A.B. asks: 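My questions will all concern the structure given below.
Remember, it's 1-based here, ligands and their atoms both numbered in the order they're listed. Keep in mind it's a predicted model, so treat the numbers as computed, not measured.
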Amino acid sequence: MNPLDRRQFLKAALLASGALTATSLGTARAQALKGTRVLVVGAGISGLGAARSLVNQGADVVVLEAKPHIGGRLHTDYSLGAPFEVGAGWIHGPSGQNPVKQLADAVGAKTVVTEDDDLIVFDADGEEIDAARLTKINGDWRRVLDQIDDELELEDGRSLRGAIADLAPWALDDPGVVWALSAYTEFAKGASIETLSAVYHDDDAAFPSADVVVTSGYDKILSPIAAGLDIRLSTAVTGIGYGDDGVTVTTGGGTLTADYVVCSVPLGVLKAETIAFDPPLPRAYRDNIRGLGFGSVTKIAFKFQTPFWDTETQYFGVMTEEKGRWNYWLNYRTFSPENILLGLSVGAYAPVADRMTDAAMAADALDVLRDVWGDAVGTPVQALTTHWSTDPETRGAYSFPMPGGTPSQFDELAAPVAERLFLCGEHTVFDYAGTTHGAYLSGLRAAEQIIEAAR
Ligand SMILES: Cc1cc2nc3c(=O)[nH]c(=O)nc-3n(C[C@H](O)[C@H](O)[C@H](O)COP(=O)(O)OP(=O)(O)OC[C@H]3O[C@@H](n4cnc5c(N)ncnc54)[C@H](O)[C@@H]3O)c2cc1C
């Protein structure tokens with residue numbers, strides 16, 4: 001499917017589902033699926049989106065979720081006094097067409113625009129770099145990526161790092177540009193530049209408008225779609241059978257049957273093959289699952305008694321010698337009264353951080369803060385950590401194209417399997433992979449595919 005076809009397909013799915021108007025939330029419209037039984041595996045935003053849309057069409061739907069809570073990678077911890085987003089933190093491109101913005105509006109979510117340029121960066125010795133140097137770093141980062149986009153053919157199989165080493169080696173000798181490649185690109189793609197495709201490093205689509213954080217808690221946007229659904233929590237699926245007569249789903253508590261099954265588990269779970277498909281997924285699906293990348297992004301939130309940082313500045317960057325190690329920090333004081341700093345590890349360092357104990361991770365991140373602010377960094381009153389790549393129900397953060405990979409590896413996963421099994425999730429939609437809106441759209445698409453199959 002070419003990019004235009006893909007976008008038209010998603011738009012059609014959106015229009016058909018009624019998701020473009022928030023008023024359609026929770027209201028039953030056509031009853032095209034009356035009497036049809038559907039099992040949905042996974043209660044992240046994609047699975048919930050599919051389930052809501054199917055129920056609105058009259059289907060009998062049961063959602064099976066391994067964790068004791070819904071939301072998956074959209075999960076909020078309120079224990080710091082301000083929302084800590086364990087997974088997704090931003091609504092990217094919160095324009096009127098963005099269906100996640102519509103969900104946010106439906107619950108009256110409070111949002112604040114984050115300003116990427118509202119940033120102070122420190123070098124590896126903890127010295128603040130001046131504004132002219134920061135402007136040059138940002139310009140050079142953009143220039144290198146533009147050069148990659150201009151000079152590479154679509155079939156180029158190099159990694160982003162490999163292509164930069166060949167075409168603009170000077171960039172890899174500049175710690176400022178390496179920092180930007182990590183803090184911006186590795187964070188955005190959830191991948192190291194060593195494992196990310198050069199040619200598809202930034203080829204996805206986006207809705208317009210500056211990104212926002214949801215200061216009232218991101219997970220609240222799920223309540224309108226989850227309300228009233230039959231969701232079985234703490235119910236891990238171990239097997240999915242599908243055939244001419246319908247589907248069979250196996251859990252620790254027994255077996256359920258239905259007409260169709262939607263499988264919304266993360267790419268990391270599909271890669272780990274912890275769910276046995278019977279018959280096995282067709283070879284093309286298995287190849288695409290293997291061929292897609294699934295990296296990690298690690299977060300730590302520290303709450304302090306008093307701030308030791310400039311409370312007016314939104315972001316702090318630190319050019320840590322180890323690429324990706326706690327190199328980007330969000331200052332909650334720019335949108336909350338709480339003295340919270342949120343640190344990020346990305347690229348190759350994120351899985352390393354994920355494997356640390358909470359105490360070791362806190363010590364590691366505090367070392368970076370002390371390199372900058374010295375003894376002014378007090379003892380945090382509270383710390384929260386994430387470990388996405390070692391979480392057995394997720395096994396990573398979000399999907400990305402690897403060197404030699406193509407957009408079709410994502411999109412082909414969305415094709416119905418034997419008209420019975422429908423995969424959805426952020427990894428099934430190249431244009432909006434790695435986002436909440438991509439995941440949600442993929443769930444709406446799966447519901448539309450079932451309506452089509454049931455005709
Ligand atoms: C650290 C991090 C930061 C992010 N930042 C952003 C951001 O700022 N903005 C943005 O738009 N997106 C962001 N994302 C991406 C976004 O969170 C995801 O794209 C989206 O939430 C994925 O939704 P999903 O439904 O595809 O998968 P998930 O939310 O992972 O849902 C899948 C569900 O399946 C369940 N499951 C797994 N195995 C089984 C099983 N065997 N049986 C039953 N259930 C099972 C899981 O527990 C989970 O609930 C971020 C993600 C992470 C991890």
Side-chain angles (χ1 to χ4, degrees), residues 39-51 63-76 84-94 98-101 104 114 187-190 206-207 211-214 218-219 221-222 225-226 231-240 249-252 261-270 272-276 294-300 330 342 344-346 350 353-354 385-389 391-400 413 423-429 432-443 446:
L39 296 167
V40 175
V41 183
I45 191 169
S46 66
L48 293 174
V63 183
L64 304 163
E65 167 56 49
K67 286 194 183 292
H69 58 79
I70 65 163
R73 282 169 278 171
L74 206 176
H75 183 52
T76 311
F84 169 60
E85 302 302 346
V86 183
W90 282 262
I91 302 179
H92 295 300
N98 183 329
V100 164
K101 159 76 169 149
T114 50
F187 178 29
K189 301 313 287 184
F207 290 107
D211 296 351
V212 295
V213 286
V214 187
Y218 211 149
D219 67 348
I221 71 162
L222 295 174
I225 45 175
I231 303 173
R232 317 266 169 96
L233 296 174
S234 304
T235 304
V237 167
T238 54
I240 295 178
V249 170
T250 310
T251 73
V261 58
V262 175
C263 181
S264 77
V265 301
L267 179 66
V269 172
L270 294 174
E273 298 182 0
T274 49
I275 297 178
F294 201 55
S296 197
V297 167
T298 312
K299 296 182 177 182
I300 192 161
L330 173 65
L342 172 81
L344 292 154
S345 274
V346 296
D354 282 346
T385 60
T386 71
H387 302 266
W388 283 106
S389 62
D391 173 338
E393 281 87 38
T394 316
R395 297 171 187 260
Y398 31 100
S399 55
F400 65 89
L413 288 175
L423 302 185
C424 67
E426 58 83 19
H427 52 286
T428 66
V429 46
Y432 303 114
T435 66
T436 52
H437 52 270
Y440 183 51
L441 286 172
S442 76

A.B. asks: For atom 6 (C) of ligand 1, state which one of G71, A88, A66 supplies the nearest heavy atom.
C.D. replies: A88
A.B. asks: Applying a heavy-atom cut-off of 4.0 Å, say which part of H427 lies close to ligand 1: side chain, backbone, both or neither.
C.D. replies: neither
A.B. asks: So which of K67, H92, E65 gets nearest to atom 48 (C) of ligand 1, if we judge by its closest heavy atom?
C.D. replies: E65
A.B. asks: Would you tell me which option among S442, G434, A397, G443 has the nearest heavy-atom contact to atom 12 (N) of ligand 1?
C.D. replies: G434
A.B. asks: Are D211 and T114 linked by a side-chain donor-acceptor pair shorter than 3.5 Å?
C.D. replies: no
A.B. asks: Regarding atom 34 (O) of ligand 1: of the candidates G252, G42, G268, A272, which has the closest heavy atom?
C.D. replies: G42
A.B. asks: Just to be sure I read this right, does ligand 1 sit under 4.0 Å from the backbone of I275, its side chain, both, or neither, counting only heavy atoms?
C.D. replies: side chain
A.B. asks: Quick one: list whatever passes salt bridge (charged side-chain N to carboxylate O under 4.0 Å, His left out) with E85, sequence neighbours left out.
C.D. replies: none
A.B. asks: Among all residues two or more places apart in sequence or in another chain, which pass the ring-ring contact (aromatic ring centres under 6.0 Å, His included) test with H387?
C.D. replies: none
A.B. asks: Picking from H427, E426, K189, what satisfies side chain to side chain donor-acceptor pair (under 3.5 Å) with S399?
C.D. replies: E426
A.B. asks: Should one rank I91, T436, V346 by closest heavy-atom distance to atom 16 (C) of ligand 1, which comes out on top?
C.D. replies: T436
A.B. asks: Would you mind telling me if ligand 1 is within reach of the side chain of W388, the backbone, both or neither, using heavy atoms under 4.0 Å?
C.D. replies: side chain
A.B. asks: Can you list the ligand 1 atoms lying under 4.0 Å from a non-hydrogen atom of S264?
C.D. replies: 32 (C)
A.B. asks: May I ask you to identify the nearest protein heavy atom to atom 25 (O) of ligand 1, giving residue, atom name and distance to one decimal place in Å?
C.D. replies: S46 OG, 2.7 Å
A.B. asks: Should K299 and F84 count as side-chain neighbours, where that means a heavy-atom distance under 4.5 Å?
C.D. replies: yes
A.B. asks: Closer than 4.0 angstrom: is that true for some heavy atom of T235 and an atom of ligand 1?
C.D. replies: yes
A.B. asks: Between the side chain of N98 and the main-chain N/O of H92, is any donor-acceptor distance below 3.5 Å?
C.D. replies: yes
